[in-house]
2 protein chains.
Amino acid sequence: MNISNLLNVNPVLVDRVRLSIMATLAFKKEPVDFNSIIIELGLTKGNLSTHMKKLETEKFVEITKEFVGRKPKTTYSCTKFGKEALNNYLKTVEDILKKTSG
Amino acid sequence: MNISNLLNVNPVLVDRVRLSIMATLAFKKEPVDFNSIIIELGLTKGNLSTHMKKLETEKFVEITKEFVGRKPKTTYSCTKFGKEALNNYLKTVEDILKKTSG
DNA sequence: CAAACTGGTTTGTACTGCAAACCAAATATA
DNA sequence: TATATTTGGTTTGCAGTACAAACCAGTTTG
């Protein structure tokens, strides 16, 4: 049992909101736009914006900005690195929790 | 898909240090004393003390204070409620893992 | 006796998450 | 046309959090 593995995981991924965002992006394989995430997870714009900035600086997501018609549109997708990090983290947690429930 | 279940898990439990503490307590079925946790997880005294206060106010752990010889000794144990919370968290994580790794 | 150790708690600080406030541009309304 | 509202976000201010340093009460050691 190495519970202390938990203490080494990237803290950026631990937050529930960011974890939900990452899971959403990983689940839908295609890029997801700003407003869809807001609606799906019930977040405010400011909150999503700052979480995304963090996820981007960690290279967990890629942000694409384009114009659709005359309006700006921002879409996000999970990087391969991000997906690996997500799975690693979830497996670490799963592993530890399984050991404790035995 | 209810990734938003993640948003419902108790935030007190999500923190890496507290999760490590809870896992430690749930794994060892007997009460664990202050210093053992510090050594096992590599925490400082102040940090452990405040985390424990939070876990206690959530009723996730029970604190017992007694004197051994002439010295104070504080031991912690996981409550049934705390253990249930861990199990709930495990199920949420397992669910997400299934959905995102497909 | 003083110094150092034990077993913690309290406190100061730096960081974080959140929504309100803001902004630029597009669109609707009169 | 002017101007109000909506869209699609970003920045900012504040409240809460995690952490270790400082502290405290008592004990042991020299």
Side-chain angles (χ1 to χ4, degrees), chain A residues 3-4 6-25 31-58 60-77 85 89 93, chain B residues 3-4 6-25 31-58 60-77 85:
Chain A
I3 281 172
S4 29
L6 248 183
L7 298 175
N8 299 325
V9 306
N10 189 323
V12 168
L13 212 53
V14 174
D15 176 85
R16 297 175 312 159
V17 172
R18 280 191 297 269
L19 204 54
S20 305
I21 292 169
M22 288 299 292
T24 301
L25 294 183
V32 184
D33 67 292
F34 192 87
N35 281 299
S36 303
I37 300 177
I38 283 184
I39 292 168
E40 186 143 345
L41 299 179
L43 305 176
T44 59
K45 298 187 287 179
N47 197 6
L48 180 57
S49 182
T50 47
H51 279 308
M52 280 308 190
K53 226 187 310 191
K54 277 205 166 176
L55 289 173
E56 190 189 16
T57 65
E58 294 291 326
F60 288 163
V61 304
E62 266 167 12
I63 304 193
T64 307
K65 286 175 179 295
E66 58 177 332
F67 278 89
V68 173
R70 319 180 130 270
K71 292 187 181 176
K73 181 175 193 181
T74 307
T75 53
Y76 305 92
S77 57
Y89 174 62
V93 172
Chain B
I3 278 169
S4 33
L6 255 179
L7 297 174
N8 298 326
V9 306
N10 189 320
V12 168
L13 210 54
V14 174
D15 177 84
R16 298 171 311 159
V17 173
R18 280 191 298 270
L19 196 54
S20 305
I21 292 169
M22 288 298 292
T24 301
L25 294 184
V32 184
D33 69 290
F34 192 87
N35 280 299
S36 303
I37 300 177
I38 284 184
I39 292 168
E40 185 144 344
L41 299 179
L43 305 175
T44 59
K45 298 187 288 180
N47 198 6
L48 179 58
S49 182
T50 47
H51 279 308
M52 279 308 189
K53 226 185 315 190
K54 277 209 166 175
L55 289 174
E56 191 188 16
T57 66
E58 294 291 324
F60 287 163
V61 304
E62 267 167 12
I63 304 193
T64 307
K65 286 175 180 296
E66 58 178 332
F67 278 89
V68 173
R70 318 181 131 269
K71 291 187 180 176
K73 180 175 193 180
T74 307
T75 53
Y76 305 93
S77 57

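A note on names: the letters A, B, ... follow the listed sequences, proteins ahead of strands, and every chain is numbered from 1.
- Following rounding to the nearest Å, Y76(B) (OH) and dG7(C) (P) show an atom-to-atom distance of 12 Å.
- We find the CD1-CG distance between I21(B) and D15(B) to be 8.0 Å, quoted to the nearest 0.5 Å.
- Remark: the N47(A) side chain and the T44(A) side chain contain no N/O donor-acceptor pair separated by less than 3.5 Å.
- Contact between the side-chain N/O atoms of K73(A) and the OP1/OP2 oxygens of dT7(D) is not found at any separation under 4.0 Å.
- Here the nucleotide nearest the side chain of D15(B), chosen from dA18(D), dA19(C), dG17(C), is dA18(D).
- Put simply, K54(B) has no side-chain N or O that comes within less than 4.0 Å of OP1 or OP2 on dC19(D).
- Closest to the T44(A) side chain, of the nucleotides dG17(C), dA19(C), dC18(C), is dA19(C).
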Quiz item: How far apart are the C-alpha atoms of F60(B) and K54(B), what are their side-chain angles, what is the distance that settles it, and do they pass the side chain to side chain contact (heavy atoms under 4.5 Å, CB included) test?
Solution: CA-CA 9 Å; F60(B) 287 163; K54(B) 277 209 166 175; over 6 Å; no
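- R16(B) contributes atom CZ, which lies 8.5 Å from atom CG of N10(A) (distance to the nearest 0.5 angstrom).
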Set out, line by line, the N/O atom pairs under 3.5 Å between protein and nucleotides 10-14 of chain C.
{"from": "dT10(C)", "atom 1": "OP2", "to": "K53(B)", "atom 2": "NZ", "distance (Å)": "3.2"}

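- When the side-chain nitrogen and oxygen atoms of N35(B) are compared with OP1 and OP2 of dT6(C), none of them lie within a distance under 4.0 Å.
- Look at R18(B) and you'll find a side-chain N or O under 4.0 angstrom from OP1 or OP2 of dA18(D).
- dA18(D) atom C1' lies 16 Å from atom CG of L6(A), rounded to whole Å.
- When the nearest nucleotides of DNA chain C are assigned to T75(B) and L43(A) by heavy-atom distance, the more 5′-ward of the two goes with T75(B).
- Contact check, H51(A) against dC18(C): a side-chain N or O comes under 4.0 Å of OP1 or OP2.
- Counting non-hydrogen atoms under 4.0 angstrom, R16(A) reaches nothing in the nucleic acid.
- In this structure, the CE atom of M52(B) is 13 Å from the P atom of dC19(D), given to the nearest Å.
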Pick out the pairs of N or O atoms, protein on one side and nucleotides 24-30 of chain D on the other, that lie under 3.5 Å.
none

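- Between the P atom of dT11(D) and the CG atom of L48(A) lies a distance of 14 Å, rounded to the nearest Å.
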